[in-house]
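Below: the structure, in structure tokens.
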Amino acid sequence: MAKLSLMFENKLMKEVPIGTRPITIGRSPDNDLPVDNLAVSNHHARVYYEGSRLVVEDLDSLNGTFVNDLRVERATLHDGDSIWIGKHHIKVDATADSVLPFESGGRKAAAPKINETMVLDTKVRRDMLQQAAAMGERSQFSPGRLKMPTLVVLSGRVDQKEFVLTNKLTVIGSSPMATVRLRGWFKPKVAAQINQRDDGYYLGTGSKIPHVNGNPIQGPVRLNDGDLIEVSGIRMNFIFRE
Amino acid sequence: MQIVSGGVTDVGRVRTNNEDSFRILEPLNLFILSDGMGGEAHGEIASSMAVETVAKYCSDQDEGTDETGVTLHGNESDHWAPETKRLRNAVYQANFNIYQSAQKHPEQRGMGATLTAGWINGAKLSIAHVGDSRAYLLRTGSLQQLTNDHSLVAEQVRRGILTPQQAEESEMQSVLLRALGAHPEVDVDIEEVDLMPRDVVLFCSDGLTRMVTEPEIAGSLQAETVPMAAAQKLVDLANERGGLDNVTVIVARLEDESKGWFSWLRRDSGKKA
């Protein structure tokens, strides 16, 4: 598989394989190859396959993209080329097989290599996650800042004042299985549900459509600290408790 | 509760071999799905070994049959139902079998498998899970994920380094942090969910979730109430989108069997429709 290696003064900073999607290069951290330097534009350039040709395209960057010594708008890349962006350069390794273009209908002899599942061994995993951790923690689940997701009941007939969300799934309703058990006549078995996912807690509909901060939800909504949930006659705050 | 189920597996549109395996054990209401990895035919060997081991372990009624030297770690005094613990031990066993086979046969080195299994006993669903296959619950129109992917990108999302959108576009999606067969011991996620009538439980390999969005999955499961037909429909949809990977789908639906006073009325209106 072809790859790009981001170098700074002969030091390898990052390597990415080139698959079917374009590789984006720039200062903004959402790039595949983020280059942390003020001379680099937020979205500076991208590299992608056009058929079997590997192409680099400048994205109207301020200081330009250079292949070897030439400033380029768009250029075909060859094995061993260097793309210069500010003081960084990116080595092009295209020795390995290029990605096969997909043929619709027909079956390929082999899938593109990037789709092959692999398991990281423990050491590589630790390294990669440490590196990832060094990039900064913004998550609700960050170690050291673990907060308990909690529903605080403001009004309505419920058997508790507070509910700490400990399960993958929390049911709000009159069902005996509900965590947030609604009391009273004509309450739905499942009024709403909260699903813990990788990036947070999502409120979904039950047989009622809950409101979050006064607005009815359309499909699952990620809850933020302090959100007001109203459903089936009860009002609750969703908070992360220290 | 009456449970009806169906499962479909397909090689997809790009690959030449199907490394996914699944089993539905109807009398037990046990559903097992595994996605294998490893060169040549070894992914298939790993996933079928995973599925068969779990099926056999759970259907063996005799509790004292752990003939191998597998250490059954995990706190046995914990609060999980006996079926949940049994399912977890079955996955430990499957991991050990795959690991041992790879040790004995050098050509199988590097083979591994994901495993996502669900076992419904009464109204309780027990789940055991390793890897990036998934279990979902569709209830009152909301699709909820019951498992966490053990992939690098999912871990980065949990740590707040990637957004879910970035994870979906990442080139690193196929990098797993946990799988069966990589080490002699494995961490198994377990989960228990109380089910309700009309709930639909879905098990699928990443060949579905990388091709078809969750709202589409929810829509298909609501539109097609026959489990086998729903599973086929989802597989077809993944293939229409390019079918880049093997795709396997198991659908289990809990029927409402309450014969209320008005059930004759409902039956009648069903005929008209």
Side-chain angles (χ1 to χ4, degrees), chain A residues 16-21 23 30 32 102-112 114-122 125 128-129 132-133 135-143 167-169 171 175-178 188-190 192-199 202 204-208 219-220, chain B residues 11-16 19 35-37 39 43 110 112 114 123 131-132 137 139-149 152 154-164 166-167 169-171 173-179 181-183 191-196 206 214-215 218 242 244-245:
Chain A
V16 290
I18 312 171
T20 47
R21 288 196 188 86
I23 303 294
D30 63 12
D32 301 302
F102 298 127
E103 254 174 40
S104 57
R107 277 174 190 166
K108 276 270 158 253
I114 193 67
N115 279 337
E116 291 291 348
T117 308
M118 57 172 282
V119 189
L120 286 184
D121 74 44
T122 323
R125 175 210 307 197
M128 287 186 92
L129 287 174
M135 287 163 64
E137 291 168 349
R138 304 195 289 269
S139 167
Q140 296 156 350
F141 304 111
S142 306
N167 297 328
K168 291 281 311 167
L169 207 59
V171 171
S175 160
M177 290 153 185
K189 282 206 165 63
V190 180
Q193 316 170 76
I194 297 174
N195 185 199
Q196 185 221 319
R197 306 200 50 148
D198 289 334
D199 62 323
Y202 283 78
T205 56
S207 42
K208 299 282 174 191
Chain B
V11 67
R13 291 278 168 82
V14 175
R15 307 228 166 171
T16 51
E19 300 188 323
D35 177 352
M37 69 197 84
T114 73
D132 67 348
L137 173 67
R139 175 184 286 160
T140 57
S142 287
L143 190 69
Q144 326 203 50
Q145 195 178 335
L146 302 179
T147 51
N148 289 115
D149 293 353
L152 180 68
E155 185 62 31
Q156 289 175 325
V157 169
R158 286 190 282 273
R159 289 169 185 237
I161 294 152
L162 293 182
T163 66
Q166 287 169 335
E169 289 160 11
S170 169
E171 295 283 348
Q173 279 191 79
S174 302
V175 181
L176 294 189
L177 301 181
R178 270 195 244 172
H183 298 283
E191 193 67 42
E192 288 177 351
V193 177
D194 291 320
L195 296 175
M196 300 178 179
D206 64 340
E214 290 184 359
L244 293 187
D245 199 353

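Chain A is the first sequence line, chain B the second, and so forth, proteins listed ahead of strands; every chain is numbered from 1. Only heavy atoms go into these numbers, but all of them, side chains included; no hydrogens, no water, no symmetry mates.
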Handout entry: chain B contact via A:V16 - side chain, backbone, both or neither, heavy atoms under 4.5 Å
Key =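 Neither part.
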Handout entry: Point-to-point distance, once rounded to the nearest 0.5 Å, from CG of A:D198 to CZ of B:R159
Key =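 That separation rounds to 12.5 Å.
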Problem - B:T140 and A:S207 side chains, donor-acceptor separation under 3.5 Å - result: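 Absent: no donor and acceptor within the cut-off.
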[X] and [Y]: which non-hydrogen atoms are nearest, and at how many Å?
| X | Y | answer |
| --- | --- | --- |
| B:S142 | A:Q193 | CB-NE2, 3.8 Å |
| A:R21 | B:E169 | NH1-O, 3.3 Å |
| A:S175 | B:M196 | OG-CE, 3.3 Å |

Problem - Interface moiety of B:A154 toward chain A, non-hydrogen atoms closer than 4.5 Å - result: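 Both backbone and side chain.
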Exercise for the section: Check whether B:L137 gets within reach of chain A through its side chain, its backbone, both or neither, counting any heavy atom under 4.5 Å. Expected result: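 Contact with chain A is through the side chain of B:L137 alone.
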Practice task
Considering only heavy atoms and a distance below 4.5 Å, find which of B:Q144, B:Q173, B:E192 pairs most often with chain A.
Solution key: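 Maximum pair count with chain A is reached by B:Q144.
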Problem - Any A:V190 side-chain heavy atom under 4.5 Å of B:R139 side chain - result: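 A:V190 reaches B:R139 side chain to side chain.
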Problem - Student check: side-chain heavy atoms of B:T163 and A:D199 closer than 4.5 Å - result: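 In short, these two side chains do not touch, never coming nearer than 4.5 Å.
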Problem - Residues in side-chain hydrogen bond (donor to acceptor under 3.5 Å, both in side chains) contact with B:S170, at least two apart in sequence or another chain - result: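 side-chain hydrogen bond (donor to acceptor under 3.5 Å, both in side chains) check on B:S170 returns nothing, list empty.
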Handout entry: Greater than 12 external heavy atoms within 6.0 Å of A:K168's NZ
Key =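 Yes, because the 6.0 Å sphere around NZ of A:K168 holds more than 12 heavy atoms from other groups.
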Exercise for the section: Please name all residues satisfying side chain to side chain contact (heavy atoms under 4.5 Å, CB included) with B:Q145, sequence neighbours left out, ordered by chain then number. Expected result: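 With neighbours one apart ignored, the set is A:N195, A:R197, B:R134, B:Y136, B:T147, B:D149, B:E214.
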